[in-house]
Amino acid sequence: MASNTHSVISPAILYWGTPVVLITSQNEDGTSNIAPMSSAFWLGHSCVLGLDATSKTTENLLRTKECVLNLPSDTMVAAVNELAGTTGSNPVSASKASRDYKFVKDKWTKAQLSPQPSDFVQPSRIAECPVQMECQFLQVTNLRPDLPDRCGLVLAIEVRVLRIHIDDELRMEGYANRVDPDKWHPLIMSFQEFYGLKECQGWTHGSRKKTIALNLDGPWKKREEEKQTDPSLGLVVSQKRNIEDSRKATLQGCQEMTMMH
(Lines give C-alpha, C1' and ligand atoms only; values in the text may rest on other atoms or scores of the structure.)
Protein backbone atom coordinates (compact mmCIF):
# COMPACT_ATOMS: atom_id res chain seq x y z
CA MET A 1 0.00 0.00 0.00
CA ALA A 2 1.36 3.40 -0.97
CA SER A 3 2.16 5.79 1.87
CA ASN A 4 0.58 9.26 1.96
CA THR A 5 2.64 10.44 4.94
CA HIS A 6 5.79 11.67 3.17
CA SER A 7 7.30 14.91 4.40
CA VAL A 8 10.29 17.04 3.44
CA ILE A 9 13.50 16.49 5.43
CA SER A 10 17.15 17.48 5.20
CA PRO A 11 19.03 14.76 7.16
CA ALA A 12 22.31 15.66 8.82
CA ILE A 13 23.92 12.69 7.02
CA LEU A 14 22.86 10.36 4.22
CA TYR A 15 24.09 6.98 5.46
CA TRP A 16 21.22 4.97 3.99
CA GLY A 17 23.06 1.69 4.53
CA THR A 18 26.29 0.38 2.96
CA PRO A 19 28.90 -2.23 3.96
CA VAL A 20 31.67 -1.23 6.34
CA VAL A 21 35.13 -1.40 4.76
CA LEU A 22 38.46 -1.54 6.58
CA ILE A 23 41.04 0.00 4.24
CA THR A 24 44.65 -0.97 4.76
CA SER A 25 47.31 1.27 3.22
CA GLN A 26 51.05 1.65 3.63
CA ASN A 27 52.67 4.53 5.51
CA GLU A 28 55.90 6.20 4.42
CA ASP A 29 57.96 4.08 6.84
CA GLY A 30 56.44 0.79 5.61
CA THR A 31 54.03 0.37 8.52
CA SER A 32 50.29 -0.06 8.03
CA ASN A 33 47.36 2.25 8.44
CA ILE A 34 43.85 0.81 8.90
CA ALA A 35 40.79 3.00 8.47
CA PRO A 36 37.09 2.12 8.73
CA MET A 37 34.72 3.70 6.23
CA SER A 38 31.42 2.89 4.53
CA SER A 39 31.20 5.26 1.56
CA ALA A 40 31.99 2.64 -1.06
CA PHE A 41 30.27 0.97 -3.99
CA TRP A 42 31.31 -1.51 -6.67
CA LEU A 43 30.68 -1.70 -10.41
CA GLY A 44 32.21 -4.68 -12.14
CA HIS A 45 35.78 -4.93 -10.82
CA SER A 46 36.02 -1.25 -9.96
CA CYS A 47 35.22 0.34 -6.62
CA VAL A 48 34.55 4.01 -5.85
CA LEU A 49 35.60 5.24 -2.40
CA GLY A 50 34.41 8.47 -0.79
CA LEU A 51 37.29 9.75 1.35
CA ASP A 52 38.30 12.85 3.31
CA ALA A 53 40.98 14.58 1.25
CA THR A 54 43.14 15.17 4.34
CA SER A 55 43.02 11.65 5.82
CA LYS A 56 46.07 9.41 6.15
CA THR A 57 44.36 6.75 4.06
CA THR A 58 43.87 9.22 1.20
CA GLU A 59 47.45 10.43 1.50
CA ASN A 60 48.80 6.88 1.41
CA LEU A 61 46.54 5.78 -1.44
CA LEU A 62 47.43 8.73 -3.68
CA ARG A 63 51.14 8.28 -2.95
CA THR A 64 51.46 4.49 -3.31
CA LYS A 65 48.52 3.87 -5.69
CA GLU A 66 47.62 0.75 -3.67
CA CYS A 67 45.31 -0.43 -0.90
CA VAL A 68 43.36 -3.44 0.34
CA LEU A 69 39.61 -3.27 0.93
CA ASN A 70 38.76 -5.65 3.77
CA LEU A 71 35.08 -6.39 4.45
CA PRO A 72 34.31 -7.29 8.09
CA SER A 73 31.47 -9.62 8.99
CA ASP A 74 28.63 -8.58 11.28
CA THR A 75 30.48 -10.17 14.21
CA MET A 76 33.35 -7.64 14.05
CA VAL A 77 31.69 -4.59 15.61
CA ALA A 78 34.18 -4.46 18.49
CA ALA A 79 37.23 -4.42 16.21
CA VAL A 80 35.75 -1.73 13.97
CA ASN A 81 34.84 0.41 16.99
CA GLU A 82 38.41 0.19 18.30
CA LEU A 83 39.51 1.96 15.12
CA ALA A 84 36.79 4.60 15.25
CA GLY A 85 38.13 7.88 16.55
CA THR A 86 41.72 7.01 15.61
CA THR A 87 43.88 8.51 12.89
CA GLY A 88 47.20 7.64 11.32
CA SER A 89 48.08 11.32 10.89
CA ASN A 90 50.53 12.89 13.33
CA PRO A 91 49.92 15.64 14.27
CA VAL A 92 46.15 15.21 14.33
CA SER A 93 44.38 17.73 12.11
CA ALA A 94 42.40 20.50 13.79
CA SER A 95 39.19 19.10 12.33
CA LYS A 96 39.73 15.65 13.79
CA ALA A 97 41.12 16.98 17.06
CA SER A 98 37.87 18.89 17.56
CA ARG A 99 36.07 15.52 17.27
CA ASP A 100 38.40 13.84 19.80
CA TYR A 101 40.35 11.73 17.29
CA LYS A 102 43.62 10.29 18.64
CA PHE A 103 46.79 9.37 16.77
CA VAL A 104 47.47 5.61 16.88
CA LYS A 105 50.58 4.21 15.23
CA ASP A 106 49.92 0.48 15.65
CA LYS A 107 46.33 -0.09 14.67
CA TRP A 108 46.77 -3.86 14.38
CA THR A 109 47.31 -4.10 18.12
CA LYS A 110 44.67 -1.48 18.88
CA ALA A 111 41.94 -3.49 17.11
CA GLN A 112 43.47 -6.93 17.84
CA LEU A 113 43.66 -7.74 14.13
CA SER A 114 46.22 -9.83 12.25
CA PRO A 115 48.07 -8.91 9.04
CA GLN A 116 48.33 -11.26 6.07
CA PRO A 117 50.68 -10.64 3.11
CA SER A 118 49.05 -9.60 -0.15
CA ASP A 119 49.93 -11.04 -3.56
CA PHE A 120 49.94 -7.97 -5.83
CA VAL A 121 50.13 -4.92 -3.52
CA GLN A 122 52.23 -3.86 -0.55
CA PRO A 123 49.49 -3.17 2.05
CA SER A 124 48.60 -6.19 4.17
CA ARG A 125 45.24 -7.94 4.25
CA ILE A 126 43.27 -8.33 7.49
CA ALA A 127 43.10 -12.02 8.36
CA GLU A 128 39.90 -11.73 10.40
CA CYS A 129 37.91 -10.23 7.49
CA PRO A 130 36.11 -12.88 5.39
CA VAL A 131 36.55 -10.80 2.20
CA GLN A 132 39.76 -9.03 1.15
CA MET A 133 40.29 -7.16 -2.13
CA GLU A 134 43.72 -6.05 -3.33
CA CYS A 135 43.30 -2.80 -5.26
CA GLN A 136 45.17 -0.39 -7.51
CA PHE A 137 44.43 3.34 -7.83
CA LEU A 138 42.83 4.47 -11.11
CA GLN A 139 41.61 8.06 -10.76
CA VAL A 140 40.40 10.71 -8.35
CA THR A 141 37.61 13.29 -8.66
CA ASN A 142 36.95 16.33 -6.48
CA LEU A 143 33.37 16.32 -5.20
CA ARG A 144 31.12 19.40 -4.90
CA PRO A 145 32.59 21.49 -7.76
CA ASP A 146 29.47 23.64 -7.51
CA LEU A 147 30.61 24.93 -4.10
CA PRO A 148 34.05 26.58 -4.40
CA ASP A 149 34.59 26.67 -0.64
CA ARG A 150 33.92 22.90 -0.34
CA CYS A 151 35.23 21.55 -3.62
CA GLY A 152 38.02 19.05 -2.99
CA LEU A 153 37.34 18.51 0.72
CA VAL A 154 35.92 15.08 -0.12
CA LEU A 155 37.24 12.92 -2.95
CA ALA A 156 35.77 10.13 -5.04
CA ILE A 157 38.61 7.70 -5.67
CA GLU A 158 38.23 4.85 -8.16
CA VAL A 159 40.32 1.73 -7.61
CA ARG A 160 40.56 -1.45 -9.67
CA VAL A 161 40.18 -4.77 -7.85
CA LEU A 162 43.19 -6.90 -8.78
CA ARG A 163 42.63 -9.97 -6.62
CA ILE A 164 39.90 -11.14 -4.26
CA HIS A 165 40.50 -13.42 -1.27
CA ILE A 166 37.44 -15.00 0.35
CA ASP A 167 36.78 -17.31 3.28
CA ASP A 168 36.08 -20.75 1.83
CA GLU A 169 32.93 -21.01 3.94
CA LEU A 170 31.34 -18.25 1.83
CA ARG A 171 31.66 -20.09 -1.48
CA MET A 172 28.56 -21.39 -3.23
CA GLU A 173 28.74 -25.15 -3.45
CA GLY A 174 29.24 -26.43 -6.98
CA TYR A 175 30.53 -23.14 -8.45
CA ALA A 176 34.10 -21.90 -8.84
CA ASN A 177 33.28 -18.17 -8.88
CA ARG A 178 30.08 -17.73 -6.85
CA VAL A 179 29.56 -16.34 -3.35
CA ASP A 180 26.65 -17.79 -1.38
CA PRO A 181 24.63 -14.76 -0.18
CA ASP A 182 23.03 -16.86 2.57
CA LYS A 183 26.47 -17.38 4.11
CA TRP A 184 27.78 -13.83 3.75
CA HIS A 185 26.85 -11.53 6.63
CA PRO A 186 28.42 -8.10 6.03
CA LEU A 187 28.51 -5.40 8.67
CA ILE A 188 26.25 -2.58 7.48
CA MET A 189 26.51 1.08 8.48
CA SER A 190 23.20 2.94 8.48
CA PHE A 191 23.03 6.46 9.93
CA GLN A 192 26.11 5.82 12.09
CA GLU A 193 24.78 2.60 13.61
CA PHE A 194 25.70 -1.02 12.85
CA TYR A 195 23.30 -3.56 11.41
CA GLY A 196 23.33 -7.07 9.98
CA LEU A 197 21.29 -8.32 7.05
CA LYS A 198 17.87 -9.90 7.50
CA GLU A 199 17.00 -13.20 5.85
CA CYS A 200 16.57 -13.37 2.07
CA GLN A 201 13.39 -11.62 0.92
CA GLY A 202 13.39 -12.98 -2.66
CA TRP A 203 15.41 -13.31 -5.85
CA THR A 204 16.32 -10.86 -8.58
CA HIS A 205 16.08 -11.69 -12.26
CA GLY A 206 18.97 -13.99 -13.20
CA SER A 207 19.79 -14.93 -9.60
CA ARG A 208 21.79 -18.14 -9.31
CA LYS A 209 19.88 -19.00 -6.14
CA LYS A 210 16.58 -18.66 -8.01
CA THR A 211 17.85 -20.93 -10.78
CA ILE A 212 18.87 -23.58 -8.26
CA ALA A 213 15.54 -23.41 -6.46
CA LEU A 214 13.50 -23.70 -9.65
CA ASN A 215 15.54 -26.72 -10.79
CA LEU A 216 15.08 -28.71 -7.59
CA ASP A 217 13.40 -32.06 -8.22
CA GLY A 218 10.88 -34.37 -6.58
CA PRO A 219 12.50 -35.00 -3.18
CA TRP A 220 12.53 -31.25 -2.50
CA LYS A 221 8.83 -30.96 -3.40
CA LYS A 222 8.03 -33.93 -1.16
CA ARG A 223 9.79 -32.27 1.77
CA GLU A 224 7.78 -29.09 1.20
CA GLU A 225 4.60 -31.15 1.34
CA GLU A 226 5.78 -32.78 4.58
CA LYS A 227 6.38 -29.37 6.14
CA GLN A 228 2.75 -28.53 5.62
CA THR A 229 1.44 -31.74 7.17
CA ASP A 230 4.03 -32.63 9.82
CA PRO A 231 3.97 -30.19 12.81
CA SER A 232 7.33 -31.46 14.07
CA LEU A 233 9.08 -30.33 10.90
CA GLY A 234 7.40 -26.93 11.09
CA LEU A 235 8.63 -26.53 14.67
CA VAL A 236 12.23 -27.21 13.66
CA VAL A 237 12.05 -24.54 10.98
CA SER A 238 10.57 -22.01 13.40
CA GLN A 239 13.28 -22.68 15.99
CA LYS A 240 16.04 -22.11 13.45
CA ARG A 241 14.49 -18.86 12.33
CA ASN A 242 14.12 -17.61 15.90
CA ILE A 243 17.77 -18.33 16.63
CA GLU A 244 18.83 -16.43 13.51
CA ASP A 245 16.50 -13.53 14.35
CA SER A 246 18.04 -13.30 17.84
CA ARG A 247 21.52 -13.15 16.33
CA LYS A 248 20.52 -10.27 14.05
CA ALA A 249 18.73 -8.46 16.89
CA THR A 250 21.94 -8.26 18.93
CA LEU A 251 23.51 -6.27 16.12
CA GLN A 252 20.57 -3.94 15.75
CA GLY A 253 20.91 -2.55 19.23
CA CYS A 254 24.25 -1.31 18.11
CA GLN A 255 26.43 1.50 19.13
CA GLU A 256 27.06 4.76 17.35
CA MET A 257 30.29 5.40 15.55
CA THR A 258 31.81 8.27 13.66
CA MET A 259 33.52 6.61 10.71
CA MET A 260 37.11 7.59 10.05
CA HIS A 261 37.74 8.10 6.33
Side-chain angles (χ1 to χ4, degrees), residues 1-22 35-44 46-52 69 71-78 80-81 83-85 95 98-100 131 141-151 153-158 179-211 213-214 224 227-228 234-235 237-261:
M1 177 181 296
S3 171
N4 60 357
T5 59
H6 291 85
S7 59
V8 176
I9 184 176
S10 181
I13 55 175
L14 296 177
Y15 276 110
W16 297 109
T18 48
V20 173
V21 182
L22 297 180
M37 58 89 73
S38 63
S39 298
F41 71 92
W42 289 262
L43 289 172
S46 288
C47 179
V48 176
L49 308 169
L51 293 170
D52 179 348
L69 307 180
L71 303 187
S73 70
D74 59 9
T75 63
M76 295 180 63
V77 172
V80 174
N81 258 343
L83 296 169
S95 172
S98 67
R99 290 175 284 155
D100 295 323
V131 180
T141 302
N142 290 337
L143 296 184
R144 305 307 299 272
D146 56 321
L147 299 175
D149 60 329
R150 296 187 182 182
C151 180
L153 296 180
V154 179
L155 306 177
I157 299 178
E158 181 184 355
V179 176
D180 192 329
D182 289 331
K183 298 176 181 177
W184 169 225
H185 301 289
L187 182 61
I188 302 296
M189 170 62 65
S190 179
F191 292 97
Q192 295 187 314
E193 295 188 2
F194 294 121
Y195 292 85
L197 295 180
K198 296 178 66 175
E199 67 276 3
C200 179
Q201 303 297 306
W203 296 299
T204 62
H205 176 73
S207 165
R208 183 60 54 181
K209 281 281 188 176
K210 179 180 180 180
T211 302
L214 292 177
E224 283 299 299
K227 285 182 182 178
Q228 296 176 16
L235 178 60
V237 173
S238 297
Q239 288 175 336
K240 288 183 178 179
R241 286 178 178 170
N242 288 339
I243 291 172
E244 184 66 7
D245 288 345
S246 296
R247 177 174 176 272
K248 296 298 192 306
T250 61
L251 287 165
Q252 294 178 3
C254 23
Q255 24 195 316
E256 289 191 357
M257 163 187 165
T258 301
M259 299 303 287
M260 180 187 72
H261 288 202

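Just so you know, these numbers come straight off a predicted model, no measurement behind them.
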Test side chain to side chain contact (heavy atoms under 4.5 Å, CB included) applied to Ile13 - qualifying residues, sequence neighbours left out: Tyr15, Phe191, Gln192
Leu153: what forms a side chain to side chain contact (heavy atoms under 4.5 Å, CB included) with it, not counting sequence neighbours? Arg150
Using the side chain to side chain donor-acceptor pair (under 3.5 Å) criterion, which residues pair with Ser190? Sequence neighbours excluded. none
All heavy atoms of Cys200 vs all of Gly202, minimum pair found to be SG-O, 3.2 Å
Over all heavy atoms of both residues, which pair between Ala84 and Pro36 is shortest? Give the atoms and the distance, please. N-CG, 4.4 Å
From Leu69 CG over to Met37 CE, what is the distance, rounded to the nearest 0.5 angstrom? 8.0 Å
Please lay out, stage by stage, how Leu155 and Thr141 fare under the test side-chain contact (heavy atoms from CB on, under 4.5 Å). CA-CA 6 Å; Leu155 306 177; Thr141 302; over 6 Å; no
Closest contact, heavy atoms only, Leu143 versus Ala156: CD2-CB, 3.8 Å
Is the backbone of Thr18 close enough, under 3.5 Å, to the side chain of Ser38 for a donor and an acceptor to pair up by distance? no
Show the nearest heavy-atom pair for residues Leu147 and Arg144, with the distance to one decimal. CD1-NH2, 2.8 Å
CD1 on Ile157 to OG on Ser39, rounded to 0.5 Å: 12.0 Å
Heavy-atom closest contact (Asn142 atom, Pro145 atom, distance): O-CD, 4.1 Å
What pairs with Asp100 under salt bridge (Lys or Arg N to Asp or Glu O under 4.0 Å), at least two apart in sequence or on another chain? none
Apply side chain to side chain contact (heavy atoms under 4.5 Å, CB included) to Pro186 and list each qualifying residue two or more places apart in sequence or on a separate chain. Trp184, Ile188, Leu197
Would you please name every residue forming a side chain to side chain donor-acceptor pair (under 3.5 Å) with Thr5, sequence neighbours left out? Ser3
